Amino acid sequence: MHNINYIRDNPIEFDNAMKLRGEDAISYKILEIDKIKRETQTVLQNLLSERNTLSKEIGYLKSKNGNAKNEISKVEELKEKINSLKELENIKENELNSILTRLPNIPHKSVPNGKDEKDNTFYRQWSSKPKFSFKPKVHYEIGEKIGLINFENASKLSGSRFVILKNQISKLERSISNFMLDKHTQENGYIEYSVPFLVKEDSLFGTGQLPKFGDDLFTAGDDHWLIPTAEVPLTNLVRNEILNINQLPIRSTSFTPCFRSEAGAAGKDTRGMLRQHQFTKVELVSVVEPEYSQDELERMLSCAESILKDLNIHYRVMTLCSGDMGFSANKTYDIEVWLPGEEKYREISSCSNCGDFQARRMNTRYKKDDKNILVHTLNGSGLAVGRTLIAILENYQMEDGNVEIPEVLRKYFNNKTLL
RNA sequence: GGAGAGAUGGCUGAGCGGUUGAAAGCACCGGUCUUGAAAACCGGCAACGGGGCAACUCGUUCGUGAGUUCGAAUCUCACUCUCUCCGCCA
């Protein structure tokens with residue numbers, strides 16, 4: 001959510017920022033509502049003040065057994081005016097909120113301008129594309145051939161966009177998540193959490209999924225929603241808190257399933273397990289002081305990258321352009337892993353700085369020099385486990401159809417070298 | 001699922017129709033004392049918003065929403081959440 005004071009002071013900059021994100025210029029409308037709201041408020045507050053004074057007099061007179069008839073009838077007159085002004089203030093407040101809560105975050109000045117993913121820019125890469133002496137297969141061919149990835153049975157149980165992993169591949173998924181959590185908790189300074197997979201509306205509002213993107217989520221009825229990412233529970237851990245400065249930075253991580261309805265992705269990536277209604281992910285979340293958030297984004301990115309480096313898989317990092325970023329982000333890096341079977345780079349992590357955008361929605365502040373200041377929040381995948389599994393299958397496949405186990409994962413397999 | 005209790009400031013916890021924005025304690029900040037620290041003592045310390053260049057001033061907020069009243073943390077209703085006991089259960 002946006003700071004109304006910023007819009008008041010910088011309406012043109014604000015409109016320009018929104019245009020970069022594909023929104024219409026709307027500051028004139030916001031400021032008009034804001035103006036009426038404040039004028040109403042001023043008149044209302046004067047009347048309230050008058051009422052309060054009179055009520056105190058009445059109390060005083062009554063305690064002295066005096067006659068307060070006059071004062072009481074005066075207050076009764078005020079009441080009507082007060083109520084209608086309150087109503088107007090309320091209406092304007094709601095109008096303002098419904099606009100403000102639906103506008104995306106302002107891009108950081110280092111973010112490239114652009115419309116969609118084609119305008120994302122190259123940031124850096126690590127290692128290079130592996131060479132194969134045979135034609136590498138795509139992940140589902142590898143998995144289905146050895147009978148350990150099963151889509152038909154999954155759709156029997158749950159419909160399309162679900163998958164069943166079996167035996168060594170199931171174990172591979174588990175070992176990947178263990179490896180990631182171990183790395184982040186032991187080397188990267190994150191604290192591990194086990195969190196609820198069902199959350200209430202407030203939490204989803206806090207991180208920005210609601211009110212605008214309910215279609216992308218699954219509901220569990222009774223005001224419970226399935227989390228689309230552990231960002232939601234981890235970030236909302238500090239909702240409505242005033243933190244002590246020495247609690248910062250907070251770095252948390254969690255391994256969870258993620259549930260997404262993929263409402264807008266009809267026909268996209270229907271083959272394989274790249275885009276599922278349910279997938280697992282290790283998430284990283286940071287809560288920091290404002291002045292450190294861009295540094296923290298770089299740090300978080302490095303932590304996510306460290307996983308792929310250890311797995312020895314080639315990837316590149318892209319800076320998302322203004323039009324391709326998620327709703328709450330002011331800057332986002334995507335890590336795209338190389339998939340030799342597909343011969344494509346595919347997103348495996350997305351690391352975002354949300355600035356104070358989520359903090360304002362969540363009302364999360366910290367105390368500094370006697371002032372309450374909104375924190376900055378960041379989140380990133382560290383990494384998407386399902387897609388990491390795909391990357392391992394495709395990058396570590398051998399001509400005979402078997403798959404080598406990456407060295408860092410072998411300890412989870414009794415030092416076996418092949419799946 | 002049945003029965004009961006509760007929700008007050010960063011935390012604990014009084015208040016139960018009229019200087020109560022809210023006692024007290026803890027935490028925190030400043031000071032005195034001390035070689036330094038601790039202790040002790042003194043002082044400060046809620047959030048959000050409106051108006052004002054500012055000193056300042058006004059309003060709102062005691063889980064959330066509605067209601068009663070001249071006036072509500074205090075009364076009424078609904079909702080949400082927490083806790084205890086019983087049942088069921090991984």
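In what follows, every heavy atom counts, from backbone to side chain, and hydrogens, waters and symmetry copies are set aside. What you are looking at is a predicted structure, and each value in this text was computed from that prediction instead of being measured. Below, chain A is the first sequence line, B the second, and so on; all start at residue 1.
- Across rA90(B) and rG17(B), the matching P atoms stand 50 Å from one another, rounded to whole Å.
- Counting non-hydrogen atoms under 4.0 angstrom, Arg360(A) reaches nothing in the nucleic acid.
- Nearer the 5' end of RNA chain B, as judged by each residue's closest nucleotide, is the contact made by Gln45(A), out of Gln45(A) and Lys200(A).
- Taking CD of Glu336(A) as the reference point, atom OH of Tyr345(A) lies at 9.0 Å (rounded to 0.5 Å).
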Under 3.5 Å, which donor-acceptor pairs link side chains of residues 75-84 of chain A to any protein atom two or more places apart or in another chain?
unit_1: Ser84(A); atom_1: OG; unit_2: Lys81(A); atom_2: O; d: 3.1

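- Applying the salt bridge (Lys or Arg N to Asp or Glu O under 4.0 Å) test to every pair with at least one member in residues 263-278 of chain A, sequence neighbours left out, gives these pairs: Glu144(A)-Arg271(A), Glu262(A)-Arg275(A), Asp269(A)-Arg275(A), Asp269(A)-Arg346(A).
- Nearest-nucleotide mapping onto RNA chain B: of Ser73(A) and Glu241(A), the residue sitting toward the 5' end is Glu241(A).
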Kindly list each side-chain donor-acceptor pair under 3.5 angstrom involving residues 162-170 of chain A, sequence neighbours excluded, with atom names and distances?
none

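- Spacing of P atoms, rU80(B) relative to rC26(B), comes out at 39 Å, to the nearest Å.
- rA38(B) and rG30(B): their P atoms are spaced 12 Å apart (whole Å).
- Looking only at atom types and distance, the side chain of Asp334(A) has a donor-acceptor partner in the side chain of Ser350(A) under 3.5 Å away.
- Taking the P atoms as reference points, rA7(B) lies 9 Å from rA14(B), given to the whole Å.
- Using a 4.0 Å heavy-atom distance criterion, Glu76(A) is classed as a sugar-phosphate-only contact.
- Look at the P atom in both rU74(B) and rU61(B): the space between them is 11 Å, to the nearest Å.
- A side-chain donor-acceptor contact under 3.5 Å links Ser27(A) and Asp15(A).
- Using a 4.0 Å heavy-atom distance criterion, Asn363(A) is classed as making no nucleic acid contact.
- A search for side-chain contact (heavy atoms from CB on, under 4.5 Å) contacts involving Pro196(A) returns nothing, not counting sequence neighbours.
- When the P atom is used for both rC48(B) and rU64(B), the distance is 16 Å, rounded to whole Å.
- Under the rule for a ring-ring contact (aromatic ring centres under 6.0 Å, His included), Phe413(A) has no partner lying at least two apart in sequence or in another chain.
- Look at the C1' atom in both rC86(B) and rG71(B): the space between them is 45 Å, to the nearest Å.
- Within the structure, ring pair (Phe, Tyr, Trp, His ring centres under 6.0 Å) pairs that include any residue of residues 9-52 of chain A comprise His2(A)-Phe14(A) (at least two apart or interchain).
- Rounded to whole Å, the P atom of rU76(B) lies 29 Å from the corresponding atom of rA24(B).
- A search for side-chain contact (heavy atoms from CB on, under 4.5 Å) contacts involving Phe205(A) returns Thr101(A), Pro211(A), Arg361(A), not counting sequence neighbours.
- When RNA chain B is scanned 5' to 3' for any atom under 4.0 Å from a heavy atom of chain A, the first and last hits are rG10(B) to rC81(B).
- In this structure, a donor-acceptor pair under 3.5 Å is present between the side chains of Lys281(A) and Thr229(A).
- Contacts between residues 46-55 of chain A and RNA chain B, defined by a heavy-atom separation under 4.0 Å, are made by Leu48(A), Ser49(A), Arg51(A), Asn52(A), Ser55(A).
- Helical stems of RNA chain B (runs of at least 3 Watson-Crick or G-U pairs, donor-acceptor distances under 3.5 Å) are listed by first residue: B:1-7 with B:80-86, B:10-12 with B:24-26, B:28-32 with B:40-44, B:46-51 with B:56-61, B:63-67 with B:75-79.
- Only at 4.0 angstrom or more do the heavy atoms of residues 81-96 of chain A sit from any atom of RNA chain B, so none qualifies.
- Side-chain contact check for Asn105(A) and Ser328(A): no donor-acceptor pair (N or O, by modelled atom type) lies under 3.5 Å.
- Sorted by first and then second residue, the side-chain hydrogen bond (donor to acceptor under 3.5 Å, both in side chains) pairs involving residues 39-50 of chain A (not counting sequence neighbours) are Gln41(A)-Glu89(A).
- Across all strands shown, Lys367(A) has heavy atoms under 4.0 Å from sugar-phosphate atoms exclusively, and none from any base.
- Under the 4.0 Å criterion applied to side-chain N and carboxylate O atoms, Arg360(A) and Asp356(A) are assigned as salt-bridge partners.
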